[in-house]
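Below is one structure; the comments refer to it alone.
Positions are given from 1 along the sequence.
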Amino acid sequence: MTIAVLADDVLKQELLAKTTAPGVEIIWADSLSSLIMIEADLYMDLLFEMDNERTGRLKQLLPKPVLVNAVAYSTKAIGQHFIRINAWPGFLQRSLTELALPASIGEETVAPLFKQLNWQYRIVPDIPGMITARIIAMIINEAFFTWGSGVSSREEIDIAMKLGTSYPMGPFEWSEKIGLKRIYELLKELGPTDSRYIIGPALEKEI
């Protein structure tokens with residue numbers, strides 16, 4: 001099985017850290033143009049952005065499976081038959097991979113692919129943020145509300161969350177690892193329909 005991947009250095013290292021089955025060959029692309037030119041069984045655009053030109057070019061790879069790192073946007077919003085993967089920094093290396101499928105693709109399509117990769121996966125609702133990213137984004141947003149109101153420092157909030165909930169990182173540490181721009185992008189999608197995700201003033205100011 002050959003997979004073609006477009007990633008930055010951080011996501012490349014996370015992908016390499018995942019255990020893959022023998023016989024799986026990864027071909028690394030250095031641009032979207034080179035990704036499209038590679039002959040592969042599976043394609044991953046881990047640098048995906050919502051852009052009509054980009055989605056149009058990736059569409060050329062269909063009907064072969066195309067996985068895109070599109071945490072904040074549903075497949076309906078993207079408008080193509082891509083498989084969404086949660087590949088935020090820190091998430092791709094987890095043992096369980098979150099996937100969201102368009103209506104045109106069923107689990108019978110992804111199951112054999114992930115069996116070949118030797119990856120465990122979980123199909124989650126095709127909604128902005130999937131499951132884990134929604135939770136983390138809300139926690140980070142609440143931390144910015146708390147910090148912005150002067151209740152505590154960033155360092156103290158991080159320590160309290162790690163000691164109190166056994167999280168591996170505090171919310172501000174998470175925001176640095178994931179990238180605050182990604183968190184902001186997801187909250188902007190979620191906020192208009194759910195007040196729990198309305199962006200805190202301190203986070204808005206930070207952006």
Inset, instruction - Take L186 and Y184 through the side chain to side chain contact (heavy atoms under 4.5 Å, CB included) test and state the conclusion after the steps. - result: CA-CA 5 Å; L186 176 55; Y184 182 78; over 6 Å; no

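- Between the side chain of R182 and the backbone N or O of I178 there is at least one donor-acceptor pair closer than 3.5 Å.
- In this structure, the side chains of N141 and M138 stay at 4.5 Å or more apart for every pair of heavy atoms.
- Judged by distance alone, with hydrogens and angles left aside, the side-chain atoms of K18 form a donor-acceptor pair with the main-chain N or O of R94 at under 3.5 Å.
- Remark: I139 CD1 to I136 CD1 distance equals 5.0 Å, nearest 0.5 Å.
- Scanning all heavy atoms of the two residues, the minimum distance from I157 to P171 falls at CG2-CG, 3.8 Å.
- Y43 places a side-chain N or O within donor-acceptor distance of the main-chain N or O of I38, the cut-off being under 3.5 Å.
- A salt bridge links D126 to R84: one of the charged nitrogens lies within less than 4.0 Å of a carboxylate oxygen.
- Side-chain heavy atoms closer than 4.5 Å link hydrophobic residues (I, L, V, M, F, W, Y) into clusters, and following such links, even through other members, never connects F91 to I83.
- In terms of heavy atoms, L101 sits closest to E107 at CD1-N, 4.0 Å.
- Judged by distance alone, the side chain of K181 and the main-chain N or O of I207 form no donor-acceptor pair under 3.5 Å.
- Note that the CD atom of Q60 and the OG1 atom of T55 stand 11.0 Å from one another [nearest 0.5 Å].
- Here the side chain of D194 pairs no donor or acceptor atom with the backbone of Y197 at under 3.5 angstrom.
- V10 and L15 are members of different hydrophobic clusters when ILVMFWY side chains are connected at heavy-atom separations under 4.5 Å.
- The main-chain N or O of S153 is found under 3.5 Å from a side-chain atom of E156 such that the two form a donor-acceptor pair.
- Salt-bridge check for E206 with R154: passed, with a basic side-chain N closer than 4.0 Å to an acidic carboxylate O.
- With values rounded to the nearest 0.5 angstrom, K76 atom NZ is found 13.5 Å from I127 atom CD1.
- In this structure, the side chain of Q80 does not engage the main chain of L58 through any donor-acceptor pair within 3.5 Å.
- When all heavy atoms of K177 and P89 are compared, the closest pair comes out as O-CB, 3.3 Å.
- Looking at every heavy atom in both residues, V110 comes nearest to I105 through CG1-CG2, 4.4 Å.
- Residues E39 and K64 have side chains in contact (heavy-atom distance under 4.5 Å, counting atoms from C-beta outward).
- Note: W147 and F172 have perpendicular aromatic rings, judged against thresholds of 30 and 60 degrees for the angle between ring planes.
- Between the D41 side chain and the T2 main chain, a donor and an acceptor come within less than 3.5 Å of each other.
- Residues L67 and D45 are not in side-chain contact: their nearest non-hydrogen atoms beyond the backbone lie 4.5 Å or more apart.
- Under a hydrophobic-cluster definition in which Ile, Leu, Val, Met, Phe, Trp and Tyr are linked whenever side-chain heavy atoms come within less than 4.5 Å, directly or via other members, M44 and I123 are assigned to the same cluster.
- Between K162 and E173 there is a salt bridge, since at least one side-chain N of the basic residue sits less than 4.0 Å from a carboxylate O of the acidic one.
- Environment of CG in D8: crowded, with over 12 heavy atoms of neighbouring residues, nucleotides or ligands closer than 6.0 Å.
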Inset, instruction - Run the numbers on N86 and L99 for side chain to side chain contact (heavy atoms under 4.5 Å, CB included), then give the verdict. - result: CA-CA 7 Å; N86 182 354; L99 301 175; over 6 Å; no

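- The line from CG of L113 to CH2 of W119 is 11.0 Å long, rounded to the nearest 0.5 Å.
- Across L42 and P65, no two heavy atoms sit closer than the pair CD1-CB, 3.4 Å.
- The main-chain N or O of T132 is found under 3.5 Å from a side-chain atom of E98 such that the two form a donor-acceptor pair.
- Across all their heavy atoms, L46 and L92 have their closest contact at CD1-CD2, 3.9 Å.
- A distance of 10.5 Å separates OH of Y121 from NZ of K115, quoted to the nearest 0.5 Å.
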Legend entry - Worked verdict on D158 versus M169 for side chain to side chain contact (heavy atoms under 4.5 Å, CB included): CA-CA 7 Å; D158 278 344; M169 286 187 280; over 6 Å; no

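- H81 has its side chain out of reach of T75: every pair of non-hydrogen atoms, C-beta onward, lies at least 4.5 Å apart.
- In this structure, the separation between CH2 on W28 and OG on S34 is 12.5 Å, given to the nearest 0.5 Å.
- In terms of hydrophobic clustering, with Ile, Leu, Val, Met, Phe, Trp and Tyr side chains grouped at heavy-atom distances under 4.5 Å, I26 and I85 are assigned to a common cluster.
- Classified by interplanar angle (parallel below 30°, tilted 30° to 60°, perpendicular above 60°), the ring pair F48/F82 is perpendicular.
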Inset, instruction - Check the pair Y73 / E185 against side chain to side chain contact (heavy atoms under 4.5 Å, CB included), numbers first and verdict last. - result: CA-CA 9 Å; Y73 303 101; E185 183 180 50; 3.0 Å; yes

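- Under the 3.5 Å distance criterion, the side-chain polar atoms of R134 are matched with a main-chain donor or acceptor of P128.
- Residue W174 is not grouped with residue L96 when hydrophobic side chains (ILVMFWY) are merged at heavy-atom distances under 4.5 angstrom, including chains of intermediate members.
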